[in-house]
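Values below: all heavy atoms of this structure, side chains included; hydrogens, waters and symmetry mates excluded.
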Amino acid sequence: MDVITLIDILGTIAFAISGVLTAMNKRMDAFGILIIALITSIGGGTLRDVLIGKTPVTWMQDQIFPTVIFITAVFAVVFRSKLKYFRRSLFLFDTIGIGLYTITGVQVSLAFGLDPLICVILGTVSACFGGVLRDILCNEIPIIFHKEIYATACIVGAVIYLLLIQFEFSQTIAMIISGSVIISIRILAVVFKWKLPRLYKKEIPSS
């Protein structure tokens, strides 16, 4: 198993748990929980693969991904009583997921010989789009569209990864550093309430 596949699997597990927690918060049935876990895990990677012409997409070429998602979903449901503080658990696994998936997206894009800017964009898409689909299906405003630092963390981490590779750091070191930066920025942004600048001076009154 290569490093990219390993990171993809770890990201899949993190996002599957994130999807399960969101679906359980909405009190969905077993089928709904499984679907949300699946979409959260594969949404970003599927869009990335389609955009770069990598078909069949990754999860269709290796049954390990659907299997991991199913096992993770069952595990999260069975041990839901152990996953206390749903909001904190959801935040943690979602944060780990975007850190891992950003790096995977950049690596896959580099393997296709794409421009660094496109690699950053696709890394961010890989990390964020599954969560966007999850939130839309669960009738929530996607986190990426909030004022919170989310996609910005992915962009910074992707740029750092490309710079480290450019300066001939080993792939493992580059992954650890850039992934840690993404996770750290996301956590610090929430703890210290960092937000992107507001574009509107005041709220528009509702009619």
Side-chain angles (χ1 to χ4, degrees), residues 5-49 57-59 64-105 123-155 157-158 175 178-191:
T5 302
L6 177 60
I7 294 176
D8 220 356
I9 290 173
L10 293 175
T12 298
I13 293 171
F15 269 140
I17 295 176
S18 170
V20 168
L21 293 175
T22 302
M24 289 179 66
N25 256 344
K26 294 294 182 177
R27 304 187 71 81
M28 293 186 181
D29 61 16
F31 182 73
I33 291 172
L34 182 60
I35 292 300
I36 296 299
L38 180 70
I39 289 175
T40 307
S41 300
I42 67 172
T46 298
L47 179 59
R48 175 201 67 213
D49 288 352
V57 295
T58 301
W59 67 271
I64 190 171
F65 291 101
T67 302
V68 165
I69 293 169
F70 179 78
I71 293 174
T72 302
V74 171
F75 177 86
V77 171
V78 171
F79 293 97
R80 61 187 182 278
S81 61
K82 304 296 182 182
L83 293 172
K84 298 179 180 179
Y85 309 111
F86 271 14
R87 286 186 176 276
R88 292 183 182 179
S89 298
L90 173 59
F91 168 74
L92 175 63
F93 288 110
D94 191 66
T95 300
I96 293 172
I98 65 170
L100 294 171
Y101 265 33
T102 299
I103 306 307
T104 301
T124 304
V125 166
S126 298
C128 298
F129 197 75
V132 169
L133 290 176
R134 174 199 66 206
D135 293 342
I136 290 174
L137 291 174
C138 292
N139 199 29
E140 299 281 351
I141 298 176
I143 296 175
I144 191 175
F145 301 143
H146 289 187
K147 293 177 290 185
E148 293 182 5
I149 303 296
Y150 192 85
T152 307
C154 301
I155 293 170
M175 287 189 300
S178 53
S180 298
V181 166
I182 295 169
I183 293 171
S184 298
I185 290 176
R186 176 77 179 122
I187 292 175
L188 291 172
V190 170
V191 170

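- Atom CG of Leu21 sits about 12.5 Å away from atom CD1 of Ile36, to the nearest 0.5 Å.
- Rounding to the nearest 0.5 Å places CZ of Phe93 at 12.0 Å from OG1 of Thr22.
- Between Leu133 and Gly43, the shortest heavy-atom distance links the atoms CD1-CA, 4.1 Å.
- When the options Asp8, Thr12, Ile69, Ile42 are evaluated for a side chain to side chain contact (heavy atoms under 4.5 Å, CB included) with Trp59, the one that passes is Ile42.
- What you find for Ala127 and Cys154 is that their closest heavy atoms are CB-SG, 3.8 Å.
- Under the ring-ring contact (aromatic ring centres under 6.0 Å, His included) criterion, no residue pair touches residues 21-49, with sequence neighbours excluded.
- For Ile185, the side chain to side chain contact (heavy atoms under 4.5 Å, CB included) partners at least two apart in sequence or on another chain are Ile149, Ala153, Val156, Val181.
- Nearest heavy atoms, Lys26 versus Cys138: CE-O, 3.0 Å.
- Under the side chain to side chain donor-acceptor pair (under 3.5 Å) criterion, no residue pair touches residues 27-45, with sequence neighbours excluded.
- In plain terms, the two heavy atoms of Ala37 and Val20 that are nearest each other are CB-CG2, 3.9 Å.
- Phe70 is linked by a ring-ring contact (aromatic ring centres under 6.0 Å, His included) to nothing, counting only residues two or more places apart in sequence or in another chain.
- In this structure, Leu10 CG and Leu100 CG are separated by 6.0 Å, a value rounded to the nearest 0.5 Å.
- The shortest non-hydrogen separation linking Gly99 to Ile183 is CA-CG1, 4.4 Å.
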Using salt bridge (charged side-chain N to carboxylate O under 4.0 Å, His left out), reason through Glu140 and Arg134 one step at a time and then give a plain yes or no.
CA-CA 8 Å; Glu140 299 281 351; Arg134 174 199 66 206; over 6 Å; no
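- Between Phe15 and Tyr101, the distance from one ring center to the other falls under 6.0 angstrom.
- Thr102 OG1 to Met175 CE: the interatomic distance, rounded to the nearest 0.5 Å, is 13.5 Å.
- Shown here are the side chain to side chain contact (heavy atoms under 4.5 Å, CB included) partners of Pro142, two or more places apart in sequence or in another chain: Val132, Asp135, Ile136, Ile144, Phe145.
- Residues Val57 and Thr46 approach most closely at CG1-O, 4.0 Å, considering heavy atoms.
- Under the salt bridge (Lys or Arg N to Asp or Glu O under 4.0 Å) criterion, Arg48 pairs with no residue at all, not counting sequence neighbours.
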Kindly determine whether Val74 and Phe79 satisfy side chain to side chain contact (heavy atoms under 4.5 Å, CB included), including the steps that lead there.
CA-CA 9 Å; Val74 171; Phe79 293 97; over 6 Å; no
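- Here the side chains of Ile182 and Ile103 are in contact, with some heavy-atom distance below 4.5 Å.
- Between the Asp94 side chain and the Ser18 main chain, no donor and acceptor come within less than 3.5 Å of each other.
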